[in-house]
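Since the structure comes first, as structure tokens, the remarks are kept for the end.
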Amino acid sequence: MVFFRSRLRDPAVVVIYAWRRELNPCVRTGRPLGHLARGMISIVGMFLNFAALARLPLVDATAISFAAPFITVIFAALFLSERVRVYRWSAVVSGFIASS
């Protein structure tokens with residue numbers, strides 16, 4: 001499921017970037033191993049999301065997915081030493097309220 005989701009999306013993205021003449025800058029990178037690691041983390045995350053949907057009750061999986069922005073901001077502050085100011089928290093809270 002994860003493989004086909006990614007493979008069906010990629011040709012459309014390539015066509016759009018080629019049509020806009022932004023394909024070369026989009027693909028070029030100074031950190032190829034960083035891109036590879038990010039891609040692998042993305043694939044694992046997508047797989048774990050589908051695995052959670054298969055194993056958790058739907059209510060729990062939905063609650064965790066709604067809490068993801070809160071978790072992301074907290075982890076950014078803890079692990080990346082980002083300064084989390086009021087505007088970012090207000091954006092997360094307003095997005096949470098809008099999606100409820």
Side-chain angles (χ1 to χ4, degrees):
M1 184 75 144
V2 173
F3 173 79
F4 287 114
R5 181 179 180 202
S6 297
R7 290 301 131 215
L8 294 174
R9 176 203 58 211
D10 290 346
V13 171
V14 169
V15 167
I16 290 170
Y17 276 110
W19 181 67
R20 294 172 58 181
R21 300 186 193 282
E22 296 176 359
L23 190 59
N24 284 339
C26 176
V27 177
R28 192 175 311 134
T29 180
R31 298 180 54 188
L33 292 178
H35 272 345
L36 181 65
R38 182 179 179 192
M40 295 306 293
I41 289 170
S42 176
I43 290 170
V44 169
M46 200 179 330
F47 174 77
L48 291 175
N49 185 28
F50 284 119
L53 287 174
R55 288 170 178 73
L56 287 174
L58 187 57
V59 173
D60 293 342
T62 303
I64 292 170
S65 69
F66 279 161
F70 290 111
I71 296 167
T72 302
V73 171
I74 291 169
F75 281 177
L78 293 176
F79 298 123
L80 301 176
S81 302
E82 287 190 14
R83 296 169 89 189
V84 181
R85 297 193 174 126
V86 175
Y87 70 89
R88 184 165 301 171
W89 280 115
S90 62
V92 169
V93 169
S94 66
F96 184 75
I97 291 170
S99 68
S100 297

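Nothing here was measured: the structure is a model prediction, and the numbers come from that model.
Here the CG atom belonging to L48 is positioned 11.5 Å from the CD1 atom belonging to I41, to the nearest 0.5 angstrom. Taking CG from L53 and OG from S65, the interatomic distance works out to 8.0 Å, rounded to the nearest 0.5 Å.
F70 and I64 are assigned to two separate hydrophobic clusters, defined by single-linkage of ILVMFWY side chains at heavy-atom distances under 4.5 Å. Placement of F66 and V93 within a single hydrophobic cluster is found when ILVMFWY residues are connected by side-chain heavy-atom separations under 4.5 Å, directly or transitively. The same ILVMFWY cluster, assembled from side-chain heavy atoms under 4.5 Å apart, contains both V92 and I74. Note: the hydrophobic cluster containing I16 does not contain L8 (ILVMFWY, side chain heavy atoms under 4.5 Å, direct or indirect links). I97 and V73 end up in the same hydrophobic cluster when Ile, Leu, Val, Met, Phe, Trp and Tyr side chains are linked at under 4.5 Å.
Scanning for ring-ring contact (aromatic ring centres under 6.0 Å, His included) contacts around Y87 gives an empty result, with sequence neighbours left out.
Legend: salt bridge (charged side-chain N to carboxylate O under 4.0 Å, His left out) pairs involving residues 13-35, not counting sequence neighbours, sorted by first then second residue: R20-E22.
Judged by distance alone, with hydrogens and angles left aside, the side-chain atoms of S42 form no donor-acceptor pair with the main-chain N or O of R38 at under 3.5 Å.
Across R88 and E82, no two heavy atoms sit closer than the pair NH1-OE1, 2.8 Å. Of all the heavy atoms in V84 and A77, the pair that sits closest is CG2-CB, 3.5 Å.
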